[in-house]
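Heads up, the thing below is written out as structure tokens.
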Amino acid sequence: MRLSQSLIPTLKETPADAQIASHRLMLRAGLVRQMASGIYAWLPAGLRVLNKISAIVREEQAAAGAQELLMPTIQSADLWRESGRYEAYGKEMLRITDRHERDLLYGPTNEEMITAIMRESVKSYRELPQNLYHIQWKFRDEVRPRFGVLRGREFLMKDGYGFDLDYAGALLTYKKMMLAYMRTFQRIGITAIPMRADTGQIGGDLSHEFHILAPTGESGVFYDAAFEAGDPSAAASVEGFYEQMTTIYAATDEKHDLAVWEKIPAERKREGRGIEVGQIFYFGKKYSESMNFTVTGQDGTKIFPEMGSYGIGVSRLAGAIIEARHDEAGIIWPDAIAPFRAAILNLRQGDAATDKICGDLHEKLGADCLYDDREERAGAKFAEADLMGHPWQIIVGPRGAANGQVELKRRVTGERFELSVADALAKVLS
RNA sequence: CGGGGCGUGGCGCAGCCUGGUAGCGCGCUUGUUUUGGGUACAAGAGGCCCCCGGUUCGAAUCCGGGCGCCCCGACCA
């Protein structure tokens, strides 16, 4: 993509409204624009991040056996009256009335709807277990939206729902999802730690929150360094991995248990701040019973399926990753979810040699690179590339271009390499 | 929901107290200049001063009401 023809409106100065790093940087790097309190437009570069996160989520969900569907954002109030949550949910739910005075709502979550869908179509024990998810916009009318996309009112979430015949099956689904989530976060390029959590509004009695470590996190987190050794991509079994994840100590400040903490050797104690980017729940028959979803069992009796729900805050992750990975100059995107894998900086636009090299690189790197072909000074291009946080910068100046050399800069380490065009290309693509 | 603050060209702000020609920096346009870390100079464009009402000869400024946004706290994917 050519920067000269892209809507990537970077800002030199920080908008007064933005207080925390990710919000500031998302605005400055041209990823988002605020449209109302807690409501954001995702500009082209920001949308690329959401799409890359979503793609990884989809792959890992598919690998764990979950199916994707897409449910609407607007739901009927009647559905929520069945479960009793229409009244219970309170003011956080955005309630809407249509022209016929029917009560609707903008979905804050989808337990009722997925249960209604399953109830209509699934009748036999033979059809379970099933696990369904979608990636859809949610709305929760927060009293006080803040921190940019970290606590927006409208947000993009992957929410999945598991249906099993019995507790053992539901627990296995829960464990599979924990592994899938840990793999997802690992591929995204961040450290996430699962912690025992309260079940809140969703209900139920088994739940974990996934926190990523960032100095500006909302909650304090305490964990055993043994977590750092856990590698979800190398997990031998679902059960074994779950066992490992749930026996190592980790807690947010609310649930911190000093007695247990004191027993952990000092050199293994880790304290920090965390941002919650996902949560998983087992809640049994809460919705299948309240909404009367049954399947016929082998012996002809009715079975209320055991359910769980599994959420990842996709839009929140985008902000959380920036909180975890930035410096004074800007964002430091992990390779997997950077809006562009590489930027090509043409330091002298209009110079035959640099134009030629940049054009070739642009063609070979394709859509996942951003070609800074603007009539700007070198300094401006460097500053903006650092701000936008591309993992690689291919710097093409007249000095090196004469000998077919370019400079490759790795954003995360600041390392620079003088390389031939071909070698630079190979390194970026490796 | 309690407490505090702010709305003035795209962005950051001054002006308001003490009413009288709407200003600065950045950005934008054009030209010259510069050419490896946000260059310099010159000339331009761009404003219902959040909205409605009131006071006044005259309101960005004073008064009343509304709306929007932010921050702290309580609450939350």
Side-chain angles (χ1 to χ4, degrees), chain A residues 9-20 23-24 27-28 30 33-39 89-93 107-111 135-160 181 197-202 207-212 218-219 252 254 274-281 309-320 328-330 345-351 354 372 374-388 393-401 405-407 409 414 416 418:
Chain A
T10 55
L11 302 172
K12 221 165 163 177
E13 287 173 275
T14 304
D17 288 349
Q19 296 297 313
I20 66 159
H23 190 197
R24 223 165 47 223
L27 291 168
R28 286 197 55 212
R33 285 295 182 264
Q34 185 174 342
M35 296 293 108
S37 178
I39 299 177
Y89 214 95
K91 289 193 163 179
E92 254 182 56
M93 186 152 75
T109 179
N110 286 61
E111 281 81 6
I135 299 177
Q136 178 63 291
W137 293 93
K138 303 288 183 296
F139 196 95
R140 294 187 190 171
D141 199 359
E142 295 281 343
V143 246
R144 189 182 159 214
R146 61 184 124 170
F147 308 142
V149 302
L150 291 181
R151 181 165 304 290
R153 292 192 293 170
E154 188 182 49
F155 57 97
L156 187 62
M157 180 164 98
K158 172 265 164 183
D159 46 321
Y181 274 34
D198 287 324
T199 52
Q201 196 61 257
I202 310 283
S207 178
H208 284 85
E209 288 176 353
F210 296 82
H211 285 255
I212 74 170
E218 286 190 73
S219 35
T252 57
E254 303 171 330
I275 301 172
E276 186 191 340
V277 292
Q279 187 165 12
I280 57 179
F281 303 87
S309 75
Y310 308 95
I312 292 180
V314 174
S315 52
R316 173 182 278 188
L317 256 176
E328 322 72 54
L345 311 192
N346 189 341
L347 297 193
R348 186 158 324 156
Q349 204 66 38
D351 175 275
T354 62
D372 190 345
R374 298 168 306 158
E375 300 283 350
E376 285 288 344
R377 293 201 83 226
K381 294 194 178 191
F382 289 135
E384 286 203 10
D386 286 346
L387 172 63
M388 287 187 258
Q393 295 171 19
I394 309 176
I395 299 160
V396 184
R399 260 179 355 215
Q405 295 284 113
V406 298
E407 186 179 320
K409 177 179 166 183
R416 293 148 181 279
E418 285 284 339

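Convention: sequence-line order gives letters A, B, ...; per-chain numbering from 1.
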Looking at the side chain of [X], which of [options] is the nearest nucleotide?
| X | options | value |
| --- | --- | --- |
| A/E407 | B/C1, B/G36, B/G38 | B/G36 |
| A/R348 | B/G12, B/A74, B/U35 | B/U35 |
| A/R144 | B/C71, B/G36, B/C75 | B/C71 |
| A/K91 | B/G12, B/C1, B/A77 | B/C1 |
| A/A383 | B/G38, B/G12, B/C70 | B/G38 |
| A/K12 | B/A77, B/G27, B/G36 | B/G27 |
| A/R416 | B/G12, B/A77, B/G36 | B/G36 |
| A/L347 | B/C1, B/G36, B/U35 | B/G36 |
| A/I395 | B/A77, B/C1, B/G36 | B/G36 |

Reading RNA chain B from 5' onward, which residue's closest nucleotide shows up sooner: A/E254 or A/T10? A/T10
Toward the 5' end of RNA chain B, by each residue's nearest nucleotide, A/M157 or A/H23: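 Nearer the 5' end of the strand: A/H23.
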NA contact type, [X], heavy-atom cut-off 4.0 Å: base, sugar-phosphate, or nothing?
| X | value |
| --- | --- |
| A/R28 | base |
| A/G311 | nothing |
| A/K409 | base |
| A/A36 | sugar-phosphate |
| A/G152 | base |

Could you give the [atom1]-to-[atom2] distance, from [X] to [N], as a whole number of Å?
| X | N | atom1 | atom2 | value |
| --- | --- | --- | --- | --- |
| A/I312 | B/A77 | CD1 | P | 15 Å |
| A/E376 | B/G36 | CD | P | 15 Å |
| A/D386 | B/G38 | CG | C1' | 11 Å |
| A/L11 | B/G27 | CG | C1' | 10 Å |
| A/E218 | B/G73 | CD | P | 10 Å |
| A/E418 | B/G36 | CD | C1' | 11 Å |
| A/R146 | B/A77 | CZ | P | 13 Å |
| A/Q19 | B/G73 | CD | P | 12 Å |

Return the NE2 to OG1 distance between A/H23 and A/T14, rounded to the nearest 0.5 Å. 11.0 Å
Distance check, [atom1] atoms only: [N] and [M], in whole angstrom units.
| N | M | atom1 | answer |
| --- | --- | --- | --- |
| B/G66 | B/C57 | P | 28 Å |
| B/C72 | B/G9 | C1' | 32 Å |
| B/A59 | B/C16 | C1' | 11 Å |
| B/U39 | B/G27 | P | 8 Å |
| B/C13 | B/G7 | P | 9 Å |
| B/U55 | B/U61 | P | 15 Å |
| B/A77 | B/G3 | C1' | 27 Å |
| B/A42 | B/A60 | P | 32 Å |

State whether the side chain of [X] and the backbone N or O of [Y] hold a donor-acceptor pair below 3.5 Å, judged by distance alone.
| X | Y | result |
| --- | --- | --- |
| A/R33 | A/L27 | yes |
| A/Y181 | A/Y310 | yes |
| A/R140 | A/P108 | yes |
| A/S207 | A/I280 | yes |
| A/R348 | A/G397 | no |

Does A/Q34 place a side-chain N or O at less than 4.0 Å from the phosphate oxygens OP1/OP2 of B/C70? yes
Considering just the side-chain nitrogens and oxygens of A/S37, establish if one lies under 4.0 Å of OP1 or OP2 belonging to B/C70. yes
Go ahead and name the base partner of [N]; Watson-Crick or wobble counts if both distances stay under 3.5 Å, otherwise write none.
| N | result |
| --- | --- |
| B/G73 | B/C1 |
| B/C67 | B/G7 |
| B/A42 | B/U30 |

Any donor-acceptor pair, under 3.5 Å, between the side chain of A/E13 and the base of B/G27, if you only look at N and O atoms?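 Flag unset: no donor-acceptor pair detected.
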Base B/G38 paired with A/E384 side chain (donor-acceptor, <3.5 Å):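 Indeed there is one.
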Per-pair stack call A/F155 and B/A77, 5.5 Å, 30°: yes
Electrostatic pair A/K381-A/E376, nearest N-O below 4.0 angstrom: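 Salt bridge: no.
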Judged by modelled atom types alone, do A/E276 and A/S219 share a side-chain donor-acceptor pair under 3.5 Å? no
